[in-house]
Amino acid sequence: MKKKIMGMVSLFSIFALAACGSGGSDNSKNNDSGSDDKAANTSFEMATKNDKKAIDGGTLEVAVVSDTDFTGIFSPAFSQITLDDYFSEPAQETLISVDKDLKIKEDNPASTVKMDPDSKTVTMTIKDGVKWSDGKDVTADDMIFPYEVIGHKDYAGVRYSDALQQIEGMVEYHDGKADSISGIEKVNDKEIKIKFKKFLPSILQGGNDPILGYAMPKHAFEGIAIKDMEGSDPVRKNPVTMGPYKINKIVAGQSVEFVPNEHYYGEKPKLDKVVMTKVGTAAAAEAMKSKKYDMFYEMPTNTYDSWKDNKGYQMLGQLDNAYDYIGFKMGKWDADKGKVVMDQNAKMADKHLRQAMGYALDNKIIGDRFYAGLRTPANSLIVPPFGELYDKDLKGYTQDVDKAKKLLDDAGFKDTDGDGLREDKDGKKLTINFAFRDNSGVAKSIADYYIQSWKKIGLDVKLTGGRLMEVNSFYDKLGADDPEIDVYQAGWSTGFDPNPSGLYGTVAQFNFTRFESEENTKLLEEMSSEDALDSAKQVEMYKEWQEYAFDQAFAIPTMYMYTLRPVSDRVVDFSIQRQYDAYPWATIGVSSEER
């Protein structure tokens, strides 16, 4: 699973880990997170309990609750928000699976993956019979192809990362100095070998860079320039996939219909059809009450009490590997250099200003008041599901108004004209533009609370453009470093790899804060080094970075969250547990014709 933008009420990976211990739990229920709040003491099942036999056929109706249209990108190499991933899940399949510690297993349903730290290589082999939905074999060329696309200088997406640059020859290929990636060898038609400069901890983690857990059908993109691929038919209109179902019909932004993939290498899918439909948040509760859908993605937790007891559904849930955060814009992305360029004179460049804004907020009130306790205050940019790497003792930013005011006073942000609002250090009017996603029915209330909290410490904060932003527009402006955004509220689904380099590194396009420093780079490089293969050293490295990130406050985590999935009682053989050996869409069925 890759790191993803969270663009809706909250966007989650379906395989998110529930446990906060070292690596997770084999049980069907999640472990306690250690927090004292209501949600942390709530236990949910992670797999359906229906033990009836699945009928032959049937249609599964899935509601994806969102007030935002999905963008219609059906390729993991180009998708950026999890909303798009939801609408392609039944058709996609990973080449890897993970164990309870979220590390790649050697034997997977579609492939084998052999790690050799001594030779700094990983060998991946596609098993016989694995085919694309158009009947063509999945080949070594298809495994190599996503590396060639993402690493190419004309690639317009955001997946080119620090970790990928550790593959031998990747940098030279990206810079146009080589026509191929020297560190990726096609051993035969079914097998590739990847050679690394260093064998780093992230290589072991499931579904993240630098081991891409998916192939791309090279034959489907024949004749399409890499710079044009994101908008091409194989990405948008007629994707060739390898999952148990294939895409049959797309209603742009609204729904996707899937039918069984007759070329699927596993057992024949049980269902005749899967239909995934976007449902607005205002209509979701009534749709559940009337049993209109079999499954609901992203039911708004701010209305949890109104739908949690609906009959006919089982509540699957777990603590997600995701968080919301407040980010501070401090520079721009230099596309020519492929790196972040920080502006030391940016409006938000003073860390004391950023820290003060963190101490002004009481996020427990937000979780309790708007999310029924299903969101809990976050203290770190490393999430609890990563076990020992998560610093549970880090205090984080809890509300302390007096401390916030003193930080601003000491830094020179003072009210010089007596209007109750602070000027900047030069005595000039200070207005901070705050971008907030229009991603839920309570978004405006939360944005207003933040703005009011900052006003109480003397800061004049206004919504960018005077209103909430539509989600896709929000991320477009964020990625383009819109000068009207000084501060923003966003979220990440972190994937299976705890390493934050892909979000906060110098060459990470996802580093929307545009923060960089020698110390940050040094700490991230240490966490990404071979020394971090030593688990004790790795824990210390992660702790040091978390403390540094807390001090620099370039991104202040606000909320961890529980993800819930109401599933009809007629659904069988479906799990949201991230520790998995088989793909859940390959086994799902229904035990009756009617809900």
- Side chains of Asp400 and Thr398: donor-acceptor distance under 3.5 Å anywhere? no
- Item | Nearest heavy-atom neighbours spanning Met315 and Leu564 | SD-CB, 4.1 Å
- Query: Taking the six-membered ring for Trp, is the centroid-to-centroid distance between Tyr488 and Tyr475 below 6.0 Å?
  - Reply: no
- Item | Distance-only side-chain donor-acceptor flag, Gln166 / Lys198, under 3.5 Å | no
- Just checking, any donor-acceptor pair under 3.5 angstrom between side chains of Asp67 and Thr281? yes
- Message: Within 45 degrees of the ring normal and closer than 6.0 Å to the centroid, is that where the cationic atom of Arg159 sits relative to Phe78?
- Response: no
- Note on the structure: One should read off an interatomic distance between Ser380 OG and Asp393 CG, to the nearest 0.5 angstrom, of 11.0 Å
- Message: In terms of relative ring orientation, are Tyr560 and Tyr390 parallel, tilted or perpendicular, with 30° and 60° separating the classes?
- Response: perpendicular
- Item | Salt-bridge contact Asp448-Lys444 (side-chain N to carboxylate O under 4.0 Å) | yes
- Message: Under a plain distance cut-off of 3.5 Å, with no hydrogens placed, do Tyr450 and Asn363 share a side-chain donor-acceptor pair?
- Response: yes
- Task: Just say parallel, tilted or perpendicular for the rings of Tyr548 and Phe554, cut-offs at 30° and 60°.
- Result: tilted
- Candidates Asp481, Asp486, Asp482 - the one meeting salt bridge (Lys or Arg N to Asp or Glu O under 4.0 Å) with Lys329: Asp481
- Message: Under the criterion ring pair (Phe, Tyr, Trp, His ring centres under 6.0 Å), I'd like the reasoning laid out for Tyr397 against Phe550: C-alpha separation, chi angles, the key distance, then a yes or no.
- Response: CA-CA 8 Å; Tyr397 285 89; Phe550 165 73; 4.6 Å; yes
- Task: Evaluate the ring planes of Tyr86 and Tyr297, with Trp represented by its six-membered ring, and classify them as parallel (under 30°), tilted (30 to 60°) or perpendicular (over 60°).
- Result: perpendicular
- Message: Any carboxylate oxygen within less than 4.0 angstrom of a Lys/Arg side-chain nitrogen, looking at Asp350 and Arg354?
- Response: no
- Modelled atom types, side-chain donor and acceptor of Ser79 and Asp85, under 3.5 Å: yes
- Please check if any side-chain donor atom of Asp497 sits under 3.5 Å from a side-chain acceptor atom of Ser202, or the reverse. yes
- Message: Tell me whether the rings of Trp454 and Phe434 are parallel (<30°), tilted (30 to 60°) or perpendicular (>60°).
- Response: perpendicular
- Are the charged groups of Asp69 and Lys278 less than 4.0 angstrom apart, N to O? yes
- Does any donor atom in the side chain of Thr521 or Thr506 lie under 3.5 Å from an acceptor atom in the other side chain? yes
- Ring centers of Phe512, Trp333 separated by less than 6.0 Å: no
- Query: Cut-off 3.5 Å, side chains only: do Thr431 and Asp460 have a donor facing an acceptor?
  - Reply: yes
